Amino acid sequence: MAEKMLLIDGNSIAFRAFFAMHNQIDKFTNQNGLHTAAIYGFKLMLDHVLANYQPDKALVAFDAGKQTFRTEMYADYKGGRAKTPTELTEQLPYLHEMMHACGIKTYQLANYEADDIIGTLARLGDQAGDETLIVTGDRDLTQLVTDNTTVAVTIKGVTQTEMYTPAHFQEKFGVTPTQFIDMKALMGDSSDNYPGVTGIGEKTAQKLIQEYGSLDGLYENIDQMRKSKRKENLVNEEKIARECKDLATIRRDAPLTIGLDDLKYQGVQTEELIKFYQEMNFKSFLSKMNVAPSTEEATDAKEIAYTELTADNLDLLADLDHHVTFQLEMPNENYHLSTFAGFVIGDGQKWLVSRDESLLQTAPVKKILTSDQYTKDVFNAKAQIVGLHRLGIDLNYVAFDLLLASYLVDPSDNSNDLGELAHAHDYYDVKSDEEVYGKGVKRAIPTDDQVFFTHLAQKARAIHELRAPVYAQLKEHEQMPLYEDIELPLTYVLAKMEIAGIKVNAQTLKEMGSKLKERLAEIEQVIYQEAGTEFNINSTKQLGEILFDKMKLPVIKKTRTGYSTAVAVLEKLQGYSPIIGHILEYRQIAKLQSTYIEGLLKVIHSSDQKIHTRYLQTLTATGRLSSVDPNLQNIPVRLEEGRQIRRAFVPSEPGWKIFSSDYSQIELRVLAHITGDKNLQQDFIDGKDIHESTARRIFHLLPGEAVTPDMRRHAKAVNFGIVYGISDYGLSQSIHVTRKQAHEFIESYFEEFPGVKKYVTEIVKSAHEKGYVETLTHRRRYLDDIHSKNFAKRSFAERTAMNTPIQGSAADIIKIAMINMDKMLRAHNLKARMLLQIHDELVFEAPAAEIPTLEKLVPQVMDSAFKLDVPLKVESKYGDTWYDLKK
DNA sequence: GTTTTCACG
DNA sequence: ACGTACGTGAAAACT
């Protein structure tokens, strides 16, 4: 029977793995100072391949040493290569050890390279009718491709590969795998250090082989070739070419001492692998296997005692300490709708668990959750508040929220899973939900009490035990005020907003929907006419074929997978055909229809005709909120057609209005404050139109001269660019000027605003030194790529270093305003409710009679949220729907 | 599950 | 020369 064989080029994969992880090389060492990055990367690759390929036979081939038959033939073969770093060579013996633990044979053969071992085995496999996959970091091995042998070459990192089949090979190189060897004979190989024929590179070699079929064919017909320097070289260097062909050819008849029968894949030897991981200090692999990192800790770490709480033993609650850990378990991440699976409550000594959420409504439990006599530690307080609210319980006096606090310590640690987050804190005595509940369709709460209750108790224990270390980190980062005075109080405010929800008129949406549907059908027909065929307009692939293959429109931009058909591209094609305009119109309407009409209709709660979004408080890298299920922070506003959607958002009570206040230019004001730039500050203090005054400065206008609309537009783009971490390229794209002009705008800006220039230099320098940047409230973001050798990655990190303090500080300010606003509404006994936050805007609903109060109060609270060196400006509007807002 | 596109600040 | 504007979420197509 045909079997599947996996052949791995050990040295080249180790090499790739080592350099893929090179920028983190110091992170990967074990207890004995052994470097382990290549071993780690190798295992990532291996797991990836095994999961996707599932071989019956497997082998990792290694080079035996520097001396091979090739170096005998040609002394300089692979000469001139830098010495392999010892940090890599020291890892090779352990790779053999790891492969053994993985149940995979390793092999090397004196005088031969790994390539030849693989070539020979692949031939044997072909003859036996096996299917073979070769994994390598070296493109040379693609010459082994046949109908039964596929070669996977790593692209970047180690898990991404490019699969070479005969067809793909042909497409890529325009020749067959065998012909490719002849190409190499002509063009040589600089990394293996053999020369080929003088003056012939890849393109010429390809052309010649395509023309003559092979090296032999070329030399048989060389007399007919017209006289040229190239012909002269080919004739003079025939011997070299033939030698190079020999060097380039991978042997398929190496004298192996093993055969196919020796390659059976044995599967993982679990105990051996665990021991190996522990020796290598591979914590993440260990935690995936549910094993603690070191042998001592591994013993019985998972054991935990718990008691099942029932209606009959509620008196146990009275014995609890007054500082408890609590978790209401909701299997669905949307806590507005999730079922309840059970809960755990305890104090570090004793853990009480139950599947019966109705026990929460009994007096003793309810007292603990609501009373100021008990402080509560939880994971995701907002989810707990909303979930308990649905059970009629007002959770209060939360002290520690593991999710929220961890996010402040490092916002990139933003897993919503308690187990995963604990693992990130090097705490392993708890599993992730995915491990216990499964994923996809198989996800389910375990029916086995032991399994479920253990998981619940372990989660609670993890919260309890991580409190001290996480608090310590918050203190070290000077983030206690951010946590205690901003994020934790904000959680209650957000919970209140989510619970309140916003009323949406389904009828309005449906009516708009049917009109849009008609228009879509019309435009669709027109497009089919213009294209001369029917196709799926939503498919970028099909659309690309129509526009660029069939209609031969010029290709403006390509994506990784094909033609780009994005708006910017289509706009450039406007003049070529009326179809472009129709496609743009179709896109716009289709977007409204699918995302906003149908999307919003799906999430209106039937019980109250409201939409209850969830704000994610622990997701963004900058400290902004995000909004999901649905996203209410991207409801259309810029174009009138889309803006109409807002007509459906209405007050939830008769006689009420929608009221909204937004910060004007908050990010530029924050920029003026943080940079201390006197010119920028003065413009804000003087209450100027900031884009206009920027234009005035950067275009050096005299007092009487007018700012043209174009000048203002350009200045506005420069201002945006400054906030984003400007680059001349980015600016040139946004305002359609040359890169040189964009560069001049930026230079001029920096001359006029020297404080901003100084800030840009200093924040990047500081980010390099510290590895992170901070906002006004000590919110922190780490920039791992700031030290990258990769220009693109490093540049991105540098722009981020500029942008994050600005975007993040603006987020801090509105968060403070929200907390203060919530207090004010209560202090003034107002019925008004805060419903939405859209980064620089707060949306309320309120009785008409309260509008005058809000018009004074909201701007007052928002203005004074944070004292900057420049004034904050707030503008308010109100109306009968979210669409109808007027000043 | 990933890619492309497009809605928002 | 490199290769992009900063931060998000959702839908649809494709693999």
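Because only heavy atoms are used, hydrogens play no part in the values below, and waters and symmetry mates are left out as well, while side chains stay in. Computed from a predicted model, the values in this text were never measured in an experiment. Numbers restart at 1 for each chain; the letters A, B, ... are given by sequence-line order, proteins then strands.
No hydrogens or angles considered: a donor-acceptor pair under 3.5 Å links the side chains of A:Thr881 and A:Asp884. For the residue pair A:Glu131/A:Tyr53, the side-chain donor-acceptor check at 3.5 Å is satisfied. The closest side-chain donor-acceptor pair between A:Thr622 and A:Gln807 falls under 3.5 angstrom.
Among the atoms of the strands shown, only primed sugar atoms or phosphate atoms (P, OP1, OP2) are found under 4.0 Å from some heavy atom of A:Leu619. Contacts of A:Asn634 with the nucleic acid, taken as non-hydrogen atoms under 4.0 Å apart, include base atoms. Among the protein residues, A:Tyr729 comes within range of the nucleic acid bases, having at least one heavy atom under 4.0 Å from a base atom. The residue A:Ile635 sits close only to the backbone: its heavy atoms come under 4.0 Å of sugar-phosphate atoms, none of a base. A:Thr804 comes within 4.0 angstrom of no nucleic acid atom, judged by non-hydrogen atoms across all strands. Nucleic acid contact for A:Arg739: base, since at least one base atom lies under 4.0 Å from a heavy atom of the residue. Counting any heavy atom pair closer than 4.0 Å across all strands shown, A:Ala717 reaches a base atom. A:Val723 comes within 4.0 angstrom of nothing in the nucleic acid, heavy atoms only. Residue A:Gln733 is classed as having no contact, given no heavy-atom separation below 4.0 Å to the nucleic acid. Within 4.0 Å (heavy atoms only), A:Ser727 reaches at least one base atom of the nucleic acid. Here A:Thr561 lies in heavy-atom contact (under 4.0 Å) with sugar-phosphate atoms only. Residue contacts for A:Ala621: at a heavy-atom cut-off of 4.0 Å it reaches the sugar-phosphate backbone alone, with no base atom in range. No contact: A:Asn790 has no heavy atom under 4.0 Å from any strand. Base contact: A:Gly721 has a heavy atom under 4.0 Å from a base atom.
Using Watson-Crick or G-U wobble geometry with both donor-acceptor distances under 3.5 Å, C:dC2 finds no partner in any strand shown.
Between the CG atom of A:Leu570 and the C1' atom of B:dT4 there is a distance of 13 Å, rounded to whole Å. At whole-Å resolution of the value, CG in A:Leu584 and P in B:dA7 are 10 Å apart. As a whole-Å value, the separation of A:Glu545 CD from B:dT4 C1' is 15 Å. Taking atom CG of A:Leu836 as the reference point, atom P of B:dC8 lies 15 Å away to the nearest angstrom. Note: CG (A:Asn803) to C1' (B:dG9) measures 12 Å, nearest angstrom. B:dC6 atom C1' lies 15 Å from atom CD1 of A:Ile589, rounded to whole Å. Between the NE2 atom of A:His839 and the P atom of B:dC8 there is a distance of 12 Å, given to the nearest Å. When the P atom of B:dT5 is taken as reference, atom NZ of A:Lys557 falls 7 Å away, rounded to whole Å.
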Report task. Decide salt bridge (charged side-chain N to carboxylate O under 4.0 Å, His left out) for A:Arg624 and A:Glu667; before the verdict, give the C-alpha distance in whole Å, the side-chain angles of both, and the deciding distance to 0.1 Å. Result -> CA-CA 13 Å; A:Arg624 276 190 175 182; A:Glu667 290 189 344; 3.5 Å; yes
Output a table of donor-acceptor pairs, distance under 3.5 Å, between side-chain atoms of residues 560-574 of chain A and any protein atom two or more places apart or on a different chain; print 'none' if there are none.
{"unit_1": "A:Tyr563", "atom_1": "OH", "unit_2": "A:Asp549", "atom_2": "OD1", "d": "2.6"}
{"unit_1": "A:Ser564", "atom_1": "OG", "unit_2": "A:Ala566", "atom_2": "N", "d": "3.4"}
{"unit_1": "A:Thr565", "atom_1": "OG1", "unit_2": "A:Arg587", "atom_2": "NH2", "d": "2.7"}

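Phosphate contact (OP1/OP2 of B:dT3, side-chain N/O of A:Thr559, threshold under 4.0 Å): absent. Regarding contacts with the backbone of B:dG9, every side-chain N or O of A:Arg624 stays at 4.0 angstrom or more from both OP1 and OP2. One finds no side-chain N or O of A:Arg587 lying less than 4.0 angstrom from the OP1 or OP2 phosphate oxygen of B:dT5.
C:dA5 and B:dT4 have their P atoms separated by 13 Å, with the value rounded to a whole Å. Taking atom P on both nucleotides, B:dT3 is separated from C:dT4 by 14 Å, rounded to a whole Å.
A 4.0 Å heavy-atom criterion places the boundary nucleotides of DNA chain C facing chain A at C:dC2 to C:dT15, written 5' to 3'.
A salt bridge links A:Arg519 to A:Glu585: at least one charged side-chain nitrogen sits closer than 4.0 Å to a carboxylate oxygen. With salt bridges taken as basic N to acidic carboxylate O contacts below 4.0 Å, one links A:Asp689 and A:Arg712.
For A:His778, there are no ring pair (Phe, Tyr, Trp, His ring centres under 6.0 Å) partners at least two apart in sequence or on another chain.
Relative to the six-membered ring of A:Tyr772, A:Arg780 meets both conditions, a distance below 6.0 Å and an angle of at most 45° to the axis.
Positionally, the nearest nucleotide of DNA chain C for A:Ser795 lies more toward the 5' end than for the other of A:Ser795 and A:Thr800.
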